J.: 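Questions regarding the structure given below will be posed in turn.
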Amino acid sequence: MSNVVSYTEAAQTVNAYARGLMPVDGRVCVPLHEAAGRVLAEPITADVDQPPFTRSTRDGFAGRAAELSSQEWLTVAGSTHAGELPPGALPVGSVWEIMTGAAVPEGADAVAMLEHVERESNRVRLTALRVLKSGENLVARGAQACAGEALLPAGARMETGQIALAAACGYGDVTVHTRPRVAILAPGDELVPVEATPRPGQIRNSNAPMLAALVEAGGGEALILPAAADTAEALDAALAEALKADLLLISGGVSAGKFDLVEPALERLRARFSFTGVRMQPGKPLVFGEVQRAMGSALPFFGLPGNPISSAVTFLLFGATVLGALAGLCNAGPRFAAAQLARETDRKAKPGLTRFLPAQCDFNPANGALPKVETIGWHGSGDLPSFGRANCFLVVPEETGSLEAGAIVRILLI
Ligand code: AMP
Ligand code: MG
């Protein structure tokens, strides 16, 4: 009962499935400085107005815009720097010396920049022809947020801006979702552990650490299962172990070969298959579905193709979406970006296949130009030396023949 779908159909199926998932049970409180990459289980709310007082954004003189714009000399009634509060309201006909970040006194509605005034002993005036608008160079109390307002929803991922915001709201620690446990099973008679020296005919199991890294980057906790041989018994035993996880990734054994025993093993667990192949390259043998567990929830699984580049790209496109949803992320999914193609590429059209070609993108080209991407010559999806030079995949949509140099293309970020 094979069910091969287009890339678009596969993405729709996985996205719809992910939308129906609940985050895994459990939440933990982590110190804010360790929260990077974690997903909020509770919203971050403002404890006070932001900013908490009307704040100057410049060094200069706080005053009434109308008075300052009249170019009249105004008395400097006092001075405050950041961290101080002005003692009272600003008297009419005067200004208040103020530093960046300091509280603006009551009555003032603008700040004249130091560079824009003339000073003469204890009075200042705006330089000729300058005018000041009400609200200039200050941020009014509560302009960014009001006390009690939710500023980040549950499901937001904590990155730079979110950590700074939580800190400003007084969160020394934050409540985040427990990370989903992702079992990684890499069966194959030819595979030996990374530390071992392969005998003729053997290769090292590179997918397990690669997938573990992708899982950790995607907000999960990787559980690498012991290597399994290409036998039904070994697979059954390994899968029994994997049933404890929240998501299962199996790499290899999903093609049509004689020792591709993963699908039959999943069938023995009465798995429901959403699709058993995708019209994409690499990654065609990808399998997705779920196993109903005796007690409770279903276990989603991906049977990723064994070739490392195929495994990586199918995880990034599909696996990361399900992982993100289980991690509680409100916007889980692959990350695409636009880049300019450096050289003409992909003359050999592959009708009906969406292609993801290992590529190198220069994200910092000279003269502020758009990121420039070019594909990396490769000997198929097992070519790790080529993959080692890649930092993204060039997306070649279905039915695209060649892409001209200079074309704006989509890339999948790794
Ligand atoms: P399979 O899907 O099992 O037929 O594997 C396809 C190709 O990927 C074969 O060349 C395998 O040797 C290779 N492969 C499978 N699993 C791994 C792995 N864990 N690490 C590195 N290469 C693998
Ligand atoms: Mg195999």
Side-chain angles (χ1 to χ4, degrees), residues 2-4 10 182-217 220 222-239 241-242 245 247-268 271 273 275-289 301-319 353 355-358 378-390 393 414:
S2 100
N3 177 21
V4 179
V182 183
I184 297 171
L185 175 60
D189 284 339
E190 76 281 32
L191 302 175
V192 298
V194 176
E195 306 75 35
T197 305
R199 292 197 310 273
Q202 296 182 323
I203 57 167
R204 293 194 175 93
N205 176 359
S206 57
N207 283 353
M210 177 190 76
L211 291 170
L214 285 168
V215 163
E216 300 279 335
L223 309 169
I224 299 180
L225 297 178
D230 280 326
T231 65
E233 298 71 35
L235 275 177
D236 288 347
L239 287 179
E241 193 60 30
L247 171 63
L248 167 60
L249 303 177
I250 309 164
S251 90
V254 287
S255 314
K258 189 170 167 191
F259 294 100
D260 291 327
L261 305 171
V262 165
E263 279 179 63
L266 288 165
E267 272 160 11
R268 286 194 290 281
F273 292 88
F275 52 78
T276 58
V278 182
R279 287 192 292 280
M280 60 184 278
Q281 195 207 25
K284 198 155 179 285
L286 178 70
V287 172
F288 170 56
F301 64 79
F302 287 92
L304 308 171
N307 268 315
I309 299 179
S310 319
S311 251
V313 80
T314 47
F315 176 82
L316 286 165
L317 289 169
F318 305 109
L353 288 182
R355 304 185 71 198
F356 298 88
L357 306 174
W378 59 323
H379 295 96
S381 51
D383 185 346
L384 285 174
S386 290
F387 194 30
R389 295 197 299 278
F393 290 94
I414 297 180

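Counting starts at 1 for both ligands and their atoms, in listed order. As a basis for the values below, the full set of heavy atoms in this structure was taken, side chains included, without hydrogen atoms, waters or symmetry mates. Note that the structure is predicted; figures quoted are calculated from it, not measured.
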J.: Considering P187, G382, P285, G306 one by one, which has a heavy atom nearer to atom 5 (O) of ligand 1 than any of the others?
T.: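 That would be G306.
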J.: L239 and A265: which non-hydrogen atoms are nearest, and at how many Å?
T.: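 Taking L239 first and A265 second, the nearest heavy atoms are CD1-CB, 3.7 Å.
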J.: Pull out every atom of ligand 1 sitting under 4.0 Å from any heavy atom of S206, numbered as shown with elements.
T.: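 Numbered from 1, ligand 1 contributes 20 (N), 21 (C).
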J.: Find all atoms of ligand 1 within a distance of less than 4.0 Å from any non-hydrogen atom belonging to N205, and give their numbers and elements.
T.: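 In order of numbering, the contacting atoms are 18 (C), 19 (N), 20 (N).
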J.: Can you tell which of I203, N307, I250, L185 gets a heavy atom nearest to atom 7 (C) of ligand 1?
T.: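 The option holding the nearest heavy atom is N307.
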J.: Can you sort out which atoms of ligand 1 are near E190, meaning under 4.0 Å from one of its heavy atoms?
T.: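 Those qualifying, in numeric order: 11 (C), 12 (O), 15 (C).
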J.: Output the list of atoms in ligand 1 that are nearer than 4.0 Å to some heavy atom of D260, sorted by atom number.
T.: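 In order of number, 3 (O), 4 (O).
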J.: Would you mind running through ligand 1 and noting each atom that sits below 4.0 Å from a heavy atom of A186?
T.: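 By the 4.0 Å cutoff, the relevant atoms are 19 (N).
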J.: Within the side chain of N307, is there an N or O that forms a donor-acceptor pair under 3.5 Å with the backbone of S310?
T.: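 Checked: no pair found.
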J.: Looking at S255, which atoms of ligand 1 are within less than 4.0 Å of one of its heavy atoms?
T.: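 In order of number, 2 (O).
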J.: Are side-chain heavy atoms of S311 and S251 found at a separation under 4.5 Å?
T.: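 Counting from C-beta outward, S311 and S251 do come under 4.5 Å.
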J.: Select the closest option to atom 17 (C) of ligand 1 among N207, I184, L304, judged by heavy-atom distance.
T.: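 Comparing heavy atoms across N207, I184, L304, the nearest one to atom 17 (C) of ligand 1 lies in N207.
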J.: Does the residue G253 have a heavy-atom contact with ligand 1, meaning some pair of atoms that are separated by less than 4.0 Å?
T.: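 Yes, that is the case, since the closest heavy atom of the residue is under 4.0 Å from the ligand.
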J.: With heavy-atom distances below 4.5 Å as the criterion, would you say the side chains of I414 and L316 are in contact?
T.: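 Yes, close enough: below the 4.5 Å cut-off.
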J.: Against ligand 1, does G257 come closer than 4.0 Å with any heavy atom?
T.: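 The answer is no: ligand 1 sits nowhere under 4.0 Å from a heavy atom of G257.
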J.: With a 4.0 Å cut-off on heavy atoms, is R204 in contact with ligand 1?
T.: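 So R204 counts as touching ligand 1.
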J.: Examine distances only and state if a side-chain atom of D230 and a backbone atom of D189 form a donor-acceptor pair shorter than 3.5 Å.
T.: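 Yes, the answer is positive, given that a donor and an acceptor are paired below the 3.5 Å cut-off.
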J.: Below 4.0 angstrom from a heavy atom of S251, which ligand 1 atoms are there? Numbered from 1 as shown, please.
T.: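 That gives atoms 19 (N) of ligand 1.
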